[in-house]
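Below is one structure, written out as structure tokens, with a few remarks after it.
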Amino acid sequence: MSTDYQRAREELGRRLRELRLESPDGRLTGVQLAQRLGWQQSKVSKLENGRQTPTDDDLLAWAEATGQAAVFDELRARLKGFESHIRSWRRQLAAGHAPVQESWNTLVSNATTMHALSNAAVNGMLQTADYARHVFERHASLWKSPKDTEAAVRARMKRQEWLYRPGKRLNVLMPESVLWARICPPDTLAAQLDRLLGVVGMDTVHLGILPLDGSLPLAMGNSFSMLDDRLVIAEDWHAELWLNDAETIALYRRVWDTFAEAAVYGPDAQQVIARVRRSIKV
């Protein structure tokens, strides 16, 4: 979690505490406020101390319970301000995967160069439609989000048009373990590997594979994408982290460069991919 994000959450917590203590009904204790809201007292404490991120409904309930409903817009603006750094999947996927993919399309269309470390699945810019379909279906089941799989696949495939535009460059690293991961049926995985074999020679793609039997310079962390030198989007189970301060971007670039030194490219990368491809019986 970013330092800026945590600081903003703590500041919002202090504002919530002020509202509790300045209630027109008189100073409320945390226990009294929890009783009014029908919450556990621990939730009040966590929100005030910046250990839990409130929802819009939490903020509205808090403002009304402290007799200060008019401050809800202020509280909501504070929340939206720091939520731009951490975008929870619960909220992003409330309307399905397609809107998220369309947002990514807009981000990528404005970028000239991308650097990505994809250690859980084949990078979305290089996925086949069938592979992407299985990824979306499984994540929709996990999050119990609307299953707009076909619309999401179409949006992701549209984003890949970026690879065929002059002046663009995708630099992507993937550990060999991604190539083996059976997150889709064998025939789908085989076709996906065939796709990777074909992109190795593309002018706009620089694909590096980190072999299983190679040395790693760092312990593998989360997947992330860097758009030019202006934004890093790191992925976690609960959220995407949107990081745009120069120091953090520089750190992620050093991470990418460090792993890049351990990767293999060109014919050597094709050899690794082909070895995995031959192991798949379809």
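Atoms considered below: every heavy atom in the structure, side chains included; atoms not considered: hydrogens, waters and symmetry mates. Computed from a prediction, not measured in an experiment: that's the story for all the values here.
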Strictly distance-based, threshold 3.5 Å: is any side-chain N or O of Q32 a donor or acceptor partner for the main-chain N or O of T29? yes
From CG (L212) to OG (S177), nearest 0.5 Å: 6.0 Å
Would you give the length of the straight line joining atom CD of Q192 to atom CD1 of I273, rounded to the nearest 0.5 angstrom? 10.0 Å
Please check: side-chain N/O of W162 versus main-chain N/O of V108, any donor-acceptor pairing under 3.5 Å? yes
What closest approach, in Å, do Y131 and I183 show between heavy atoms, and which atom pair accounts for it? OH-CD1, 3.2 Å
N/O donor-acceptor pair under 3.5 Å between Q270 side chain and L196 backbone: no
Aromatic ring pairing H97/H139, orientation class (parallel under 30°, perpendicular over 60°, tilted between): perpendicular
Check the pair L179 / L193 against side chain to side chain contact (heavy atoms under 4.5 Å, CB included), numbers first and verdict last. CA-CA 7 Å; L179 310 179; L193 296 179; 3.9 Å; yes
Within this structure, what is the CG-CZ distance for the pair L59 and R76, rounded to the nearest 0.5 Å? 9.5 Å
Would a 4.5 Å heavy-atom cut-off, applied to side chains only, mark R90 and T55 as touching? yes
Flag yes if L21 and L28 sit in one hydrophobic cluster, no otherwise; membership is Ile, Leu, Val, Met, Phe, Trp, Tyr, and two members link when side-chain heavy atoms are under 4.5 Å apart. no
L75 side chain near L60 side chain, heavy-atom distance below 4.5 Å: no
Atom pair CG (L216) and CZ (F259), whose distance is rounded to the nearest 0.5 Å: 6.0 Å
Please test R138 against V135 for side chain to side chain contact (heavy atoms under 4.5 Å, CB included), starting from the C-alpha separation and ending with a verdict. CA-CA 5 Å; R138 295 188 181 204; V135 171; over 6 Å; no
If you define the side chain from C-beta out and look only at heavy atoms, does anything of L126 sit under 4.5 Å from L170? yes
Do the non-hydrogen side-chain atoms of Y265 and L173 ever get within less than 4.5 Å of each other? yes
Please determine whether salt bridge (Lys or Arg N to Asp or Glu O under 4.0 Å) holds for the pair E48 and R14, giving the CA-CA distance in whole Å, both sets of side-chain angles, and the decisive distance to 0.1 Å. CA-CA 6 Å; E48 288 190 349; R14 284 192 287 272; over 6 Å; no
Connected via hydrophobic side-chain network under 4.5 Å: V153 and W104: no
Using the rule that Ile, Leu, Val, Met, Phe, Trp and Tyr join whenever any side-chain heavy atoms are under 4.5 Å apart, tell me whether Y164 and M157 fall into a single cluster. no
Please determine whether side chain to side chain contact (heavy atoms under 4.5 Å, CB included) holds for the pair S45 and N49, giving the CA-CA distance in whole Å, both sets of side-chain angles, and the decisive distance to 0.1 Å. CA-CA 6 Å; S45 177; N49 288 286; 3.4 Å; yes
Give the minimum heavy-atom separation between D228 and A111, together with the two atoms involved. OD2-CA, 3.4 Å
Shared hydrophobic cluster for M174 and I233 (ILVMFWY, side-chain gaps under 4.5 Å): yes
Could you report the tightest heavy-atom contact between Q101 and A152, atom names first, then the distance? CG-O, 3.9 Å
Looking at E74 and R78, does any basic side-chain N land under 4.0 Å from a carboxylate oxygen? yes
Do the charged groups of D58 and K43 touch, with an N to O distance under 4.0 Å? yes
Is there a donor-acceptor contact under 3.5 Å linking the side chains of R9 and T53? yes
Is there side-chain contact between V172 and M125, with heavy atoms separated by less than 4.5 Å? no
Between E102 and K158, is a salt bridge (Lys or Arg N to Asp or Glu O under 4.0 Å) present by the stated rule, with each step listed? CA-CA 9 Å; E102 292 291 355; K158 181 176 178 59; over 6 Å; no
Sub-4.5 Å side-chain heavy-atom contact between T188 and P185: yes
When rounded to the nearest 0.5 Å, the distance separating CG of L218 from CG of L117 is 10.0 Å
Under 3.5 Å, is there a donor-acceptor pair between the side chain of S23 and the main chain of R20? no
Hey, mind stepping through R133 and E150 against salt bridge (Lys or Arg N to Asp or Glu O under 4.0 Å) and telling me if it holds? CA-CA 7 Å; R133 186 172 290 110; E150 295 310 312; 2.8 Å; yes
Search all heavy atoms of A262 against all heavy atoms of P211 and return the closest pair with its distance. O-CD, 4.0 Å
Is there a path from F136 to V178 through hydrophobic residues (I, L, V, M, F, W, Y) whose side chains come within less than 4.5 Å of each other? no
Let's go through L142 and W89 carefully: what are the C-alpha distance in whole Å and the side-chain angles of both, what is the deciding distance for side chain to side chain contact (heavy atoms under 4.5 Å, CB included) to 0.1 Å, and is it a yes or a no? CA-CA 11 Å; L142 173 67; W89 287 119; over 6 Å; no
Answer with yes or no whether the side chains of R87 and Q92 bring together a donor and an acceptor at under 3.5 Å. no
Would you say that P24 contacts Q68 through its side chain, given a criterion of any heavy-atom pair below 4.5 Å between the two side chains? yes
Residues A116 and N123: closest non-hydrogen pair is CB-ND2, 3.4 Å
Rounding to 0.5 Å, atoms NE2 (H134) and CG (D130) come to a distance of 6.0 Å
Consider only side-chain N and O atoms of W39 and Q41, and report whether a donor and an acceptor are under 3.5 Å apart. no
Where is the tightest heavy-atom contact between A190 and V282, given as atom of each residue plus distance? CB-CG1, 4.1 Å
Could you tell me whether R51 and E10 make a salt bridge, using a distance below 4.0 angstrom between a side-chain N and a carboxylate O? no
Residue D25 excluded, over 12 heavy atoms near CG under 6.0 Å: yes
Taking C-beta and beyond as the side chain, do R165 and S109 meet within less than 4.5 Å on heavy atoms? yes
